[in-house]
Structure formats: structure tokens, C-alpha cells
Amino acid sequence: MAGSDVATDASSAPDTVKILIAGGFGVGKTTMVGSVSEIVPLRTEEPLTMAGLGIDDLDGIEAKRATTVALDFGRITISRDLVLYLFGTPGQQRFWFMWNDLALGALGAVVLVDVRRPESSFAAIDFFERRGIPFVVGVNGFHGEHPYPAEDIRDALAVPDHVRVLLCDARERESCRDVLIALLDQLIARAVQA
């Protein structure tokens with residue numbers, strides 16, 4: 001088609017990179033995907049119900065009214081040749097079985113951490129370490145607050161030095177973009193070393 005940017009064959013299709021946005025229940029994964037996605041994100045949120053009482057730990061996140069039950073999906077076009085697909089994982093333990101399927105083909109991940117409840121992100125860190133999937137840690141500052149420096153958080157999480165720990169705000173596009181750039185830099189450095 002003359003004057004069209006539509007790809008006409010597979011050789012002109014952009015390369016795609018799958019990135020996971022993971023972490024514990026209520027850390028801001030859905031918010032992050034929504035903040036940076038160039039499309040209206042696909043969300044599989046459902047209201048929290050009485051059935052979750054005693055199962056879902058709402059300490060520190062009492063105002064939470066909905067939860068992701070499958071995944072969040074967003075897209076970022078980096079260039080004509082490169083597109084990032086973002087997959088937000090569900091945070092509740094009863095939905096963790098989905099993480100294995102969501103991780104298939106993922107080149108890297110962002111593990112979001114809520115400093116009010118850092119233990120909620122230990123499982124995500126362990127998941128990516130055990131599978132050798134590169135990740136960075138994004139410390140989501142709720143209400144724009146970051147009471148601890150990144151190095152203190154690194155020590156508390158026992159994250160190795162090669163993993164970047166960045167302070168961020170999941171509500172702010174530029175902040176989320178910087179976390180994703182740090183992950184991409186890490187992935188490029190790893191590819192160069194290989």
C-alpha cells in the first residue's frame with residue numbers, strides 16, 4: 001500500500017520483547033502497566049469480596065477494592081523495529097500458578113516493592129532468581145514518599161549488586177519509563193557479555 005506504514009510481510013514486522021511486571025499483592029503492578037502503556041491496557045481486575053477475607057492480607061492496603069485475577073497487558077513502541085509487551089502478574093498467592101505461563105518467553109522483569117510491606121515481594125524475587133530471568137527492583141513510593149534509600153532496600157531484600165534497585169512512582173509515566181530503561185540496559189549488557 002502506497003504511503004502506508006502497515007507491515008506487508010513477516011520480515012518487516014517489529015521485534016517484540018516480553019517484560020513481566022511482578023510483585024506482591026497491592027504493590028502497584030496494574031498502575032505501572034497503565035501508566036506507561038501506549039494503548040488502553042487489558043486488565044482482568046475483579047472486586048475484592050467477602051470470600052477473600054482471611055485469605056488476602058490487606059494490612060497496609062485497606063483501601064484496595066479490586067485485584068488482578070489473571071494479568072494486565074500493555075504495549076510500548078520503542079521504535080518501528082522494537083515493541084515492548086508488558087505483562088502484569090497477579091499478586092495474590094492463590095494466582096501464582098499463572099506466573100510460570102506468563103514467564104514463558106519473557107526476557108526480563110520488574111519486581112515492584114512496597115516498602116510498607118517488603119516481604120510481599122520476596123516470592124517474586126525468588127521466582128526470577130530461580131529461573132535465571134534478569135530483573136530490576138522498582139521501589140514504588142506510595143503517596144510519592146520514599147522513606148528509605150535504595151541501598152537500604154537492597155540490603156533488606158538481600159538483592160545481589162548486579163540487580164538495579166530504583167525508587168519510582170507507579171503512577172508516573174516517566175518514573176516507570178526509567179525503571180524499564182534500567183531493565184533494558186541490564187538486558188543489553190547481559191547480551192553483550194554473552
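Heavy-atom basis, side chains included; hydrogens, waters and symmetry copies ignored.
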Asks: Establish, for the pair R131 and F127, whether the NZ or CZ atom is under 6.0 angstrom from the six-membered ring centre and no further than 45 degrees off its axis.
Replies: yes
Asks: With heavy-atom distances below 4.5 Å as the criterion, would you say the side chains of L166 and C168 are in contact?
Replies: no
Asks: Could you tell me which non-hydrogen atom of G28 sits nearest to which non-hydrogen atom of A170, and how far apart they are?
Replies: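 Here G28 and A170 meet closest at O-CB, 3.7 Å.
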Asks: Are I76 and L82 linked, directly or through intermediate hydrophobic residues, by side-chain heavy-atom contacts shorter than 4.5 Å (ILVMFWY only)?
Replies: yes
Asks: Can a donor-acceptor pair be found, under 3.5 Å and without considering hydrogens, that links the side chain of K29 to the backbone of L71?
Replies: no
Asks: Would you call I39 and F73 a side-chain contact if the rule is heavy atoms closer than 4.5 Å?
Replies: yes
Asks: Could you walk me through whether H146 and V115 pass side chain to side chain contact (heavy atoms under 4.5 Å, CB included), step by step?
Replies: CA-CA 8 Å; H146 289 287; V115 294; over 6 Å; no
Asks: Less than 4.0 angstrom from a charged side-chain N to a carboxylate O is my criterion; do R177 and E174 meet it?
Replies: no
Asks: Between P160 and E129, what is the shortest heavy-atom contact and its length?
Replies: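 That would be CD-OE2, 3.6 Å.
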Asks: Considering non-hydrogen atoms only, spot the tightest contact between K18 and L102 and give its length.
Replies: NZ-O, 2.7 Å
Asks: Can you measure from CD (E172) to OG1 (T31) and round to the nearest 0.5 angstrom?
Replies: 12.0 Å
Asks: Testing the basics here: between W96 and G91, what is the closest heavy-atom pair and its distance to 0.1 Å?
Replies: NE1-O, 3.0 Å
Asks: Evaluate whether atom CD of Q93 has more than 12 neighbouring non-hydrogen atoms of other residues, nucleotides or ligands under 6.0 angstrom away.
Replies: no
Asks: Quick check: is V136 connected to V113 through a chain of hydrophobic side chains (ILVMFWY, heavy atoms under 4.5 Å apart)?
Replies: no
Asks: Near Y148 OH, under 6.0 Å, is it more than 12 heavy atoms from other residues, nucleotides or ligands?
Replies: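 Count not over threshold, so no.
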Asks: Does one hydrophobic cluster hold both V33 and I133, with members joined at side-chain heavy-atom distances below 4.5 Å?
Replies: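 In one cluster: no.
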Asks: Is the backbone of V163 close enough, under 3.5 Å, to the side chain of Q186 for a donor and an acceptor to pair up by distance?
Replies: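 Judged by distance alone, no pair lies under 3.5 Å.
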Asks: For the OG1 atom of T89 and the CG atom of N100, what is their distance to the nearest 0.5 Å?
Replies: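 Here the interatomic distance stands at 11.5 Å.
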Asks: Are any non-hydrogen side-chain atoms of I153 and P118 less than 4.5 angstrom apart?
Replies: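 I153 does not reach P118 side chain to side chain.
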Asks: For the atom pair CG (D178) and CG (L183), what is the distance rounded to the nearest 0.5 Å?
Replies: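 The CG atom of L183 is 13.0 Å from CG of D178, to the nearest 0.5 Å.
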Asks: Within this structure, what is the CH2-CG distance for the pair W99 and L20, rounded to the nearest 0.5 Å?
Replies: 9.0 Å
Asks: Can you name the closest pair of heavy atoms from P14 and R80 and give their distance?
Replies: CB-O, 3.4 Å
Asks: Looking only at heavy atoms, what is the nearest atom pair of P134 and R190, with distance?
Replies: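 Looking at all heavy atoms of both residues, the shortest contact is CG-NH1, 2.8 Å.
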Asks: If I take atom OH from residue Y85 and atom CD1 from residue I19, how far apart are they, to the nearest 0.5 angstrom?
Replies: 13.0 Å
Asks: Can you find a side-chain donor-acceptor pair between D169 and S175 that sits under 3.5 Å?
Replies: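 No.
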Asks: Let me confirm one number: the CG-SG distance from N140 to C176, rounded to the nearest 0.5 Å.
Replies: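 Going from CG on N140 over to SG on C176, the span is 7.5 Å.
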Asks: Is F95 linked to V27 within one hydrophobic cluster, defined over Ile, Leu, Val, Met, Phe, Trp and Tyr using a side-chain heavy-atom separation of less than 4.5 Å?
Replies: no
Asks: L84 and side chain to side chain contact (heavy atoms under 4.5 Å, CB included): which partner among V36, T77, T16, I78?
Replies: I78
Asks: Quick one: does L112's side chain get under 4.5 Å of V179's, heavy atoms only?
Replies: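 SC-SC contact between L112 and V179 ruled out.
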Asks: Would you find a donor on one side and an acceptor on the other, under 3.5 Å apart, between the side chain of R75 and the backbone of L86?
Replies: no
Asks: Given the rule that I, L, V, M, F, W and Y join up when any side-chain heavy atoms are under 4.5 Å apart, are F87 and V17 in one cluster?
Replies: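 Hydrophobic grouping puts F87 apart from V17.
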